Amino acid sequence: TSNKKVFCYGRQEPVVRNREVDFPPSERYIQIMVDGCRHFGVAQQHIDYLLRLEQRPRPTPDQFKTMGDVPEQAPSYTTQQIHDMFHKEGRAVMTFNGKVLEFVADDSSSSSSSSSISSV
């Protein structure tokens, strides 16, 4: 098994929309739409229509997804170091909620190689 890091580019397949299988809009999305309508003076009739749509309720904090805790031995990086990793070293790194993540792919197999996001 090789630990060589490789860049991986891909494109998401087009999404086919189907009202019978798609989820209804989220409560948050509807609220954003309603706020925008009110701000721009859209007719109340349309706002009422939006508010009558079926909505997925907002998740409660205990339902939020988590990426887990950063291991105790994980190093800390400055913003400049993260910038250099990406722009100078070509590493696929990103930050998310105070965590530094790096995309690492196993290049030992074909195009269906396994990949993971791990803490840097």
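Fair warning: this is a prediction, and the values are worked out from it, not measured in the lab.
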Is it possible for you to say whether Ile32 and Leu50 belong to one hydrophobic cluster, with membership spreading through side-chain heavy-atom contacts below 4.5 Å?
no
Only counting residues at least two apart or in another chain, list the ones meeting side chain to side chain donor-acceptor pair (under 3.5 Å) with Gln73.
none
How about Tyr29 and Gln55: do any of their side-chain heavy atoms sit closer than 4.5 Å?
no
Is there a donor-acceptor contact under 3.5 Å from the side chain of Arg91 to the main chain of Met85?
no
Residues in side chain to side chain contact (heavy atoms under 4.5 Å, CB included) with Thr78, at least two apart?
Gln80, Gln81
Could you tell me the separation between the CD1 atom of Ile30 and the CD atom of Glu54, rounded to the nearest 0.5 Å?
10.5 Å
Does a side-chain heavy-atom distance below 4.5 Å link Thr95 with Ile82?
yes
To the nearest 0.5 Å, how far apart are CG in Leu101 and CZ in Phe103?
12.0 Å
Just wondering, are more than 12 heavy atoms of other shown residues or ligands nearer than 6.0 Å to CZ in Arg28?
no
Qualifying salt bridge (charged side-chain N to carboxylate O under 4.0 Å, His left out) pairs, either residue in residues 72-85, two or more places apart:
Asp84-Lys88
Output side-chain donor-acceptor pairs under 3.5 Å for residues 33-46, partner residues at least two apart or in another chain, one line each.
{"from": "Asp35", "atom 1": "OD1", "to": "Gln31", "atom 2": "NE2", "distance (Å)": "2.7"}
{"from": "Gln44", "atom 1": "NE2", "to": "Asp48", "atom 2": "OD1", "distance (Å)": "2.7"}

Only counting residues at least two apart or in another chain, list the ones meeting side chain to side chain donor-acceptor pair (under 3.5 Å) with Gln63.
Thr60
Take atom CZ in Phe96; do more than 12 heavy atoms of anything else shown fall under 6.0 Å from it?
no
